[in-house]
Amino acid sequence: KVKAVRCEGCGVPVQTESPEQKGYIPEKALEREVILCQRCFRIRHYGDLGAVEQDPEAYLRVLDEIAATDSLVVLVVDLFDFAGSWIPGFSRRIGKNPVLLVANKVDLFPKTANWKRLRDWVSASAREMGVHPVDTLLCSSAKGLKIPDVMQAMEHYREGRDIYIVGTTNVGKSTLINRLLREAGGTQDEMITTSPYPGTTLDTIRIPLEDGKEIIDTPGIVRKDRISEWVDPKELKIVVPNAVLRPKVYQLNDGQTLFFGGLARLDYVQGTRQPFVTYMSNRLYVHRTKLAQADEIWQKHRGELLAPPKDPAAIPPLTKHVITLSGKEKEDIVIAGLGWVACGKEKARVELWVPEGIQVSTRAAII
Ligand code: GDP
């Protein structure tokens, strides 16, 4: 059981001295049955988030410590935001420890998606990133899909060792741990705080296993090259999908533009008529217009019709990425933290505008 001196939400040791530091709990709140730091209490009851800085360097040091242990590393990635799920220098940092790859949020994929193909794509991409998992599993922590398989694989591959859970923020590590606890017969009090805000789990949480070993949940590294990291917490619900993606099909001629809220913009500059299919949160408004009018509409309606962001000044200015589609295979244009656009099979030139520093990539179509 998580010790009472630690916050039962985020695992941080609680303190009653400094309200602005992490783990703060008002003296009186110590009498409550469930010990939650003020921050977790607020998140749980009001959906509020106090800003606590995350230090990527500190997280990388946690990974370096893993290299010195003999353990199983469970790398959790987000199938929806796959590009944003990778940790810089991951394999080098964790040393010789075996990696079990758990690809979360499979519930977001439409029924038409082929799970076997998805899984093959996940393991192939991992290998490309220099990660050679002992096994790859798809699951949904939120919906409880394939959780027993994940548990079994963890037990099988750990061979009596500790387990580290690692990943970038927001991939669903906390939700997964909660699921595992529930599956193992835990109680409500043991639930860790999960929230749609990036980087909610602050410190490592240790969950004892029967043989004296532990599951160690690490806080996760923030990657600022994902759009979701820049969106105001209040607007994040619009950007981060919570239900099966309903792809939207746009048959575009060149000279047409799609706006993805006020966050990104796709200009179809050159090519023949073909479909562009968006796989993004169903709540995100996609607006189609003529390229010739795009600038004017953007300037006039950004922050209102074209939102989020309500406050465009809060995110970096847009920069242009020129993308050439070869026409040899169907390709996805991926915007980290936002989703992707599945393109047709025609040669094309696309200009994609995203906030500066946001990762853009292309890949062979996954659906
Ligand atoms: P962490 O930062 O990796 O610990 O991520 P959290 O567990 O806090 O989850 C981040 C966000 O992803 C929250 O909004 C969760 O509700 C959501 N989430 C977690 N697991 C799943 C899942 O299996 N499917 C979907 N659709 N959303 C999930």
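We're numbering straight along the sequence, starting at 1. We count ligands from 1, going down the list as the structure has it; atoms in each ligand are counted the same way.
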Inset, instruction - May I ask you to check whether K143 has an N/O atom sitting below 3.5 Å from an N/O atom of ligand 1? - result: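 N/O-N/O distance below 3.5 Å does not exist for this pair.
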
Inset, instruction - Return yes or no for this condition: an N or O of V240 is under 3.5 Å from an N or O of ligand 1. - result: no

Any side-chain heavy-atom pair of [X] and [Y] under 4.5 Å:
X    : Y    : value
E351 : H321 : no
D78  : N170 : no
I165 : I177 : yes

Show which atoms of ligand 1 fall inside a sub-4.0 Å distance from at least one heavy-atom site of [X].
X    : value
T169 : 2 (O)
L108 : 26 (N)
K173 : 1 (P), 3 (O), 4 (O), 5 (O), 7 (O)

Legend entry - Salt-bridge present (K105, D107; N to O < 4.0 Å): no

Legend entry - Test: R265 and D295 ion pair at under 4.0 Å: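 The answer is yes: the pair qualifies as a salt bridge.
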
Inset, instruction - Using heavy-atom distances, let me know which of S174, A243, A142 sits nearest atom 22 (C) of ligand 1. - result: A142

Legend entry - Nearest candidate to atom 10 (C) of ligand 1, where distance is taken over non-hydrogen atoms, out of L79, N170, N104: N170

Legend entry - 4.0 Å heavy-atom contact, S141 with ligand 1: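 Yes, S141 has heavy atoms under 4.0 Å from ligand 1.
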
Inset, instruction - Have a look at F276 and tell me which of F260, Y250, W340, Y268 forms a ring-ring contact (aromatic ring centres under 6.0 Å, His included) with it. - result: Y268

Inset, instruction - Determine whether the side chain, the backbone, both or neither of V171 has a heavy atom under 4.0 Å from any heavy atom of ligand 1. - result: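 V171 to ligand 1: contacts from backbone and side chain alike.
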
Legend entry - Residue portion contacting ligand 1 (non-hydrogen atoms closer than 4.0 Å) for T175: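 It is both parts that get close, each with some atom under 4.0 Å.
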
Legend entry - Close aromatic pair by centroid cut-off 6.0 Å: F82 and W121: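 Yes, the ring centres sit under 6.0 Å apart.
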
